[in-house]
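Accompanying notes for the structure given below.
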There are 2 protein chains.
Amino acid sequence: MEGTNDYSYRPGAIMTNNVDIRSSSLFSVLDDAQIKRVMQSSHMLNLADRQSLFECGDEADRFYLVTKGQIKLFRLSVNGDEKTIDIIQPGNTFAEALMFMEQPTYPVSATALGKVQLISFDNAQFLNLLRGNFDLCFRMMGSLCQRLRGLVKEIDDLTLQSATTRMCAMLVNHMEREGESEFPLQAPKGVLASRLSMKPETFSRILQNLANEGIIEVKGQNVGVLDECRLKESAHPESVIGLEPEFNCNHQMPFHQR
Amino acid sequence: MEGTNDYSYRPGAIMTNNVDIRSSSLFSVLDDAQIKRVMQSSHMLNLADRQSLFECGDEADRFYLVTKGQIKLFRLSVNGDEKTIDIIQPGNTFAEALMFMEQPTYPVSATALGKVQLISFDNAQFLNLLRGNFDLCFRMMGSLCQRLRGLVKEIDDLTLQSATTRMCAMLVNHMEREGESEFPLQAPKGVLASRLSMKPETFSRILQNLANEGIIEVKGQNVGVLDECRLKESAHPESVIGLEPEFNCNHQMPFHQR
DNA sequence: TTGGCTCCTTGATGGATGTCAAAAGGTTCC
DNA sequence: GGAACCTTTTGACATCCATCAAGGAGCCAA
């Protein structure tokens with residue numbers, strides 16, 4: 001499970017599995033000597049599908065960069081309900097915020113979605129690096145700030161938006177990231193459901209509704225957006241502010257509609 | 001509305017309205033000269049009850065320290081629904097995370113709860129200070145990290161916990177902060193309801209239920225905790241893990257019970 | 001005191017989403 | 001190819017909480 005830092009090191013791009021480490025914003029401001037130093041305390045890891053990386057509450061002395069596959073971050077409730085907090089994509093780091101805590105423990109559990117390859121970094125090492133590099137500090141603070149904004153948005157979504165709205169917002173994100181109106185969902189539907197804080201049954205029904213409305217079409221894992229305009233309206237209800245009620249596109253989607 | 005920096009400056013404690021600026025973790029690592037520098041670009045503000053400080057989307061070039069009263073941070077949905085994200089207490093700063101963004105805009109609106117006194121600081125000034133002070137950077141990163149953890153916990157609560165559980169957790173926090181089993185709620189019930197992501201009616205009913213159960217007693221704004229044990233059980237359902245179902249204290253609280 | 005606020009409470013009802021159960025596809029492994 | 005298994009879908013029903021409407025309760029002003 002735990003390998004060594006056996007990837008090639010050379011000045012310039014540091015490639016591991018087609019992911020340039022420098023493309024991660026945290027590492028982009030490091031010079032070659034610094035990268036080398038971080039690398040020396042790093043390990044490459046391979047995880048099988050569903051393999052656990054750490055559990056909520058574990059001591060947190062390392063952080064991670066995903067180079068291949070996806071990592072699911074989640075929390076469990078007493079009765080075994082699972083809430084997926086985030087799905088980390090290749091090229092992104094996670095758990096690095098914890099290095100600033102006194103007695104850091106992971107606030108979430110992490111498991112592999114499919115086969116995953118990642119690199120782990122030693123918190124103490126990285127803290128040393130931070131202590132001599134203001135650019136890096138600012139990078140880090142910027143990244144923490146963005147994550148904060150993301151979570152605030154998330155809370156907004158959970159409290160002020162409906163399940164359908166969240167679904168549409170996700171589909172719009174997906175579409176814009178892919179640049180195509182047809183794309184595969186990047187995780188099993190059950191996982192996406194949990195990410196959107198709904199049950200798989202609800203997820204399925206909402207997709208069905210959107211398809212019945214002619215807004216999307218669904219074939220297995222593939223989604224095609226047929227009516228981008230209506231999808232975006234459903235995703236961002238604020239876009240119709242200012243219109244008179246009778247002029248609103250009022251695309252009601254009763255839950256149990258067939 | 002906007003005053004000048006007319007509070008006394010002297011080495012050592014920097015008091016403004018009985019709040020020592022140094023007691024805020026961000027400022028605690030600054031020496032006198034640095035404090036003085038920050039102060040020079042700061043302003044004291046007074047807000048009347050309900051007065052707005054900034055709106056979601058406004059350009060964010062200052063951050064704030066509350067010295068008296070409370071600030072409500074919230075987001076609005078299209079239909080006017082309001083979600084209180086946080087209630088900032090005296091001695092605490094807010095909106096400082098934004099200084100690391102390119103084109104910072106506030107992700108929430110802020111208004112006064114009651115009469116409020118606060119100090120605003122110039123982001124650019126503070127960034128200069130950060131750029132020469134690693135301790136301060138680490139303070140800042142630590143604070144951002146804690147805020148992140150708080151938000152993750154919040155999402156957990158919203159998705160995995162019931163309204164009653166959230167209420168109990170809040171009451172336990174309240175109680176432990178006050179150190180008394182009897183205490184006043186620190187904000188109008190309607191605001192607390194929104195903070196807990198429920199409607200005022202639901203808030204009222206849950207308090208009623210807890211009172212009927214004999215767990216608390218409520219007199220206006222004052223709450224007395226009668227059965228701390230049961231309150232904590234309801235707040236942290238994980239505490240009863242491992243017990244056989246029939247041995248669980250099964251304090252059902254049907255919603256419409258009278 | 002009385003009126004007019006605003007905030008809170010209480011009751012009746014409804015709706016979005018969860019739950020439970022079963023069927024329908026897909027995948028993997030002999 | 002088919003058996004076992006998992007994921008997804010579908011249906012019937014339950015529940016939590018929101019909504020709507022009305023009634024108290026405290027507070028301030030005249």
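Naming convention: chains lettered A, B, ... in sequence-line order (proteins, then strands); numbering from 1 in each chain. Both backbone and side-chain heavy atoms feed into the values below; hydrogens, waters and symmetry mates do not.
Residue pairs meeting the ring pair (Phe, Tyr, Trp, His ring centres under 6.0 Å) criterion with at least one partner in residues 168-197 of chain A, sequence neighbours excluded, are A:H174-A:F183.
In this structure, the CZ atom of A:R205 is 12 Å from the P atom of C:dT17, given to the nearest Å. Going from atom CD1 of A:I206 over to atom C1' of C:dA16 covers 9 Å, rounded to whole Å. One interatomic measurement links the two molecules: CG of B:D49 to C1' of D:dC27, which rounds to 14 Å at whole-angstrom precision. Atom pair A:M167:CE and D:dT8:C1' shows a separation of 13 Å (rounding to whole Å applied). Atom pair B:Q161:CD and D:dT15:P shows a separation of 20 Å (rounding to whole Å applied). Rounded to an integer number of Å, the gap from A:N209 CG to C:dT17 C1' is 12 Å. Atom CG in A:L158 sits about 14 Å away from atom P in D:dA18, given to the nearest Å. Note: NZ (B:K189) to C1' (D:dG26) measures 12 Å, nearest angstrom.
Side-chain atoms of A:S204 and A:E201 include no donor-acceptor pair closer than 3.5 Å. In this structure, a donor-acceptor pair under 3.5 Å is present between the side chains of B:S197 and B:K83. Looking only at atom types and distance, the side chain of A:T84 has no donor-acceptor partner in the side chain of A:R195 under 3.5 Å away.
You'll find that the side chain of A:R50 is closest to D:dC6, out of C:dT10, C:dC8, D:dC6. Residue A:E201 places its side chain closer to D:dT9 than to any other of C:dT10, D:dT9, D:dC17. Taking every side-chain heavy atom of B:S162 into account, D:dC17 is the closest of C:dT9, D:dC17, D:dT10. Closest approach to the A:S204 side chain among C:dC8, D:dT10, C:dT10 is made by D:dT10 (side chain taken as heavy atoms from C-beta onward).
With respect to the salt-bridge test (charged N to carboxylate O, under 4.0 angstrom), the residues A:R75 and A:E82 do not qualify.
An angle of 40°, rounded to 10°, separates the two end axes of the helix from C:dT1-D:dA30 to C:dC30-D:dG1, each defined over five pairs.
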Could you give the side-chain donor-acceptor pairs of residues 214-224 of chain A under 3.5 Å, partners two or more places apart or in another chain?
{"residue": "A:Q221", "atom": "NE2", "partner": "A:A187", "partner atom": "O", "Å": "3.3"}

* **side chain to side chain donor-acceptor pair (under 3.5 Å) assessment of A:S143 paired with A:Q146** => CA-CA 5 Å; A:S143 140; A:Q146 280 200 294; over 6 Å; no

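An OP1 or OP2 oxygen of C:dC20 is reached within less than 4.0 angstrom by no side-chain nitrogen or oxygen of A:K199. The side chain of B:Q208 places no N or O atom within less than 4.0 Å of a non-bridging phosphate oxygen (OP1 or OP2) of C:dT9.
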